[in-house]
Amino acid sequence: MRVSKMFMATQREIPADAEIPSHQLMLRAGMIRKVASGIYSFMPIGYRVYRKVENVVREEMDRAGAQELIMPAVLPAEVYMASGRWERFGPEMFRLKDRGGRQFCLGPTHEEPFTEAVRDTIRSYKQLPVTLYQIQHKYRDEKRPRFGIMRCREFVMKDAYSFDCDEAGLDESYKTMYEAYNRIFTRLGLDYTIVDADSGAMGGSGSQEFMVKSEVGEDGICYCDACGYAANEEKAVCVAPDQDAAEMLPVEKIHTPDVKTIEELMGYMNCEPSAFVKTILYNIDGRIVAAMVRGDRDINETKLGNLYDATEMDLASFADVEEITGAKVGFAGPVGLKKQIDVIVDLEVASMKNFIVGACETDYHLKNVNIGRDFEATQIVDIRNLIEGDRCPKCGSPIKMARGVEVGHIFKLGTKYSKALNCIYLDKDGKENTMVMGCYGIGVGRTLAAVIEQYNDEDGIKWPTEIAPYKAIVVPTKVNDEENMGLAEKIYKDLADKGIEVLIDDRNERPGVKFKDADLIGIPVRITVGRRASEGIVEVKYRMTGETAEMTADEAVKVAVDL
RNA sequence: CGGGGUGUAGCGCAGUUGGUAGCGCAUCUGCUUUGGGAGCAGAGGGUCGCACGUUCGAAUCGUGUCACUCCGACCA
């Protein structure tokens with residue numbers, strides 16, 4: 001490809017609304033264009049890279065025995081109604097109507113259509129197991145699209161679904177995908193971690209996420225260097241501390257006018273935040289629930305929500321809080337609630353004695369409160385976030401925290417969808433059984449962005465060879481000089497003839513401009529034809545390392561071929 | 001969903017007390033230049049997000065609306 005003919009416009013200035021390196025660089029390199037919030041076009045350079053990522057994914061899925069097909073992006077409402085997800089997805093689902101008023105949506109994920117397809121095709125255990133996949137656009141009307149292609153409303157996902165006779169089969173299929181994922185992310189050159197994850201809205205018995213460690217990651221990762229434990233913050237298990245052996249003291253009511261936050265209370269009562277227990281009221285699918293964690297801890301809404309199989313949860317409204325506690329917001333506590341509600345107590349709180357809570361009376365707190373004596377817990381469970389330095393649930397060593405970008409997620413779904421959609425097969429005995437499913441996703445665009453996050457410098461992108469848009473770029477420094485340009489053209493032709501993806505920057509621009517562009521779009525090898533063109537000597541520069549070397553044109557061709 | 005910010009040329013931005021719009025980069029032409037985003041001279045390009053209002057007159061003031069964006073959505 002000739003750069004002079006290429007549909008590409010690089011930009012010198014950083015677009016104002018791009019926050020993270022991958023987003024800025026993709027815009028500057030002219031790889032993508034925003035069409036609306038969270039909706040992007042891929043321009044030629046960007047699309048080349050995108051297709052390469054897609055192909056790595058495709059090759060490894062095929063190698064693992066999965067079969068590719070494609071489902072529609074536009075799906076009728078009924079497809080999601082049997083599983084209950086038409087309602088459950090809520091406002092995240094893009095919905096539309098056809099001219100006859102029938103309801104459709106843009107598919108946010110495809111468990112249902114895949115399950116239907118298998119249900120309608122497979123009758124016998126002899127046809128199982130099977131793993132199907134597609135690389136298809138997904139649509140989710142995200143609350144907050146962010147970071148360019150990282151979190152989009154329209155995005156491309158490779159989603160695979162496995163169907164097995166039983167749990168043991170699922171374990172096998174899952175393992176096969178697990179291995180395929182490792183090959184994919186390794187081939188893409190990513191530094192990633194596999195963490196235990198919450199199965200969330202997908203349901204099911206277990207799942208793991210493939211996380212690319214990155215400052216800009218939206219997920220918190222907890223990991224242990226000592227034993228290798230790694231989990232998403234949402235899922236990371238907290239260990240119950242030792243029981244406080246102190247004697248129970250008599251409850252005291254303390255006047256605390258206008259003291260509503262833990263911080264104010266600390267100052268007022270001259271105590272550490274760990275002496276308090278905060279009682280937070282949630283509205284979980286219309287039901288008000290109290291959750292209690294130590295004053296300096298954070299409630300893990302995922303863990304709490306899972307107790308109730310929640311679809312929607314939020315903090316209770318002020319009105320609800322006042323009605324239930326009989327006090328203004330800020331004085332909620334487990335003692336003296338005006339209505340009978342569930343009180344979920346964090347494991348850690350259960351080990352505490354004589355703590356301070358809101359009194360359910362405006363301007364008062366209670367001191368020396370104890371579980372069992374002063375109030376009853378509905379459940380004592382782990383509902384807080386793990387924090388750096390907490391004990392590892394596996395080996396007890398201090399836990400470390402990092403941020404990560406979730407590029408892949410694998411789930412053991414079990415029979416959630418197969419049961420709902422009646423996806424059954426006949427076993428050896430001619431008996432009907434429900435298929436056991438797994439599902440496996442990779443965000444193609446997000447993975448691409450994650451690669452850039454890990455491979456860039458102040459000059460631009462440094463593509464790993466596997467997914468570089470072109471392997472090499474030939475840069476003649478003087479396009480009007482016959483000798484110079486002639487040699488450049490020869491190298492270009494040699495490489496092209498050998499099937500190497502190569503660019504020639506034949507623009508009548510100053511060398512500096514060409515170098516800047518080559519660096520920005522991140523071509524792995526640059527072959528500069530310059531001063532020593534008459535001797536047949538060129539300069540080879542490696543984008544990844546910055547190394548340069550002078551060599552003959554033929555040697556340079558060989559370098560690019562051998563890449 | 002809550003709060004903030006911003007909408008002026010392809011990109012980044014300026015525009016004073018209201019008087020029909022400017023800078024840098026990019027683009028086009030010419031000459032010079034040619035190893036890290038060149039110089040000079042010239043040129044083209046804007047319903048000032050949209051609507052309504054105030055006014056003799058609105059990019060500027062008011063109201064509404066849309067879009068984009070950031071923070072928060074851990075507060076008891």
Presence of donor-acceptor pair under 3.5 Å, side chain of A:K541 and base of B:G35: no
Nearest heavy-atom neighbours spanning A:N232 and A:A197: CB-CA, 4.3 Å
For a quick check of understanding: with a heavy-atom distance under 4.0 Å over all strands, which category does [X] fall into, base, sugar-phosphate or nothing?
{"X": "A:G530", "answer": "base"}
{"X": "A:K514", "answer": "nothing"}
{"X": "A:N300", "answer": "nothing"}
{"X": "A:D481", "answer": "nothing"}
{"X": "A:Y282", "answer": "base"}

Nearest to the side chain of [X] - [options]?
{"X": "A:K278", "options": "B:G37, B:A76, B:U34", "result": "B:A76"}
{"X": "A:T528", "options": "B:C74, B:A38, B:G35", "result": "B:G35"}
{"X": "A:S37", "options": "B:G35, B:U69, B:A26", "result": "B:U69"}
{"X": "A:R12", "options": "B:G35, B:A76, B:G37", "result": "B:G37"}
{"X": "A:A332", "options": "B:G37, B:A76, B:G36", "result": "B:A76"}

Please give the nucleotide sitting opposite [N] as a Watson-Crick or G-U wobble pair, both distances under 3.5 Å, or none.
{"N": "B:G7", "result": "B:C66"}
{"N": "B:A59", "result": "none"}
{"N": "B:G12", "result": "B:C23"}
{"N": "B:U54", "result": "none"}
{"N": "B:G36", "result": "none"}
{"N": "B:A41", "result": "B:U29"}
{"N": "B:G72", "result": "B:C1"}
{"N": "B:G46", "result": "none"}

Cationic tip of A:R48 above A:Y470 ring, under 6.0 Å, 45° of axis: yes
Test salt bridge (charged side-chain N to carboxylate O under 4.0 Å, His left out) applied to A:D374 - qualifying residues, sequence neighbours left out: none
Spacing between [X] atom [atom1] and [N] atom [atom2], to the nearest angstrom:
{"X": "A:K516", "N": "B:C25", "atom1": "NZ", "atom2": "P", "result": "17 Å"}
{"X": "A:N508", "N": "B:U27", "atom1": "CG", "atom2": "P", "result": "12 Å"}
{"X": "A:R144", "N": "B:C1", "atom1": "CZ", "atom2": "C1'", "result": "13 Å"}
{"X": "A:E13", "N": "B:C23", "atom1": "CD", "atom2": "P", "result": "16 Å"}
{"X": "A:M485", "N": "B:G35", "atom1": "CE", "atom2": "P", "result": "16 Å"}

Side-chain N or O of [X] closer than 4.0 Å to phosphate OP1/OP2 of [N]:
{"X": "A:K34", "N": "B:U69", "answer": "yes"}
{"X": "A:R297", "N": "B:C74", "answer": "no"}
{"X": "A:R531", "N": "B:G35", "answer": "no"}

Syn/anti state of B:U65 by chi, 90° boundary around 0: anti
Ring geometry between A:Y364 and A:H255 (parallel below 30°, tilted from 30 to 60°, perpendicular above 60°): tilted
A:F355 and A:F375 aromatic ring geometry - parallel, tilted or perpendicular at 30°/60° bounds: perpendicular
B:U65 to B:C1 separation - P atoms, rounded to the nearest Å: 13 Å
Interatomic spacing from CG in A:D346 to CZ in A:R384 - rounded to 0.5 Å: 6.0 Å
Within residues 14-29 of chain A, residues whose heavy atoms come under 4.0 Å of RNA chain B: A:I14, A:P15, A:A16, A:D17, A:E19, A:R28
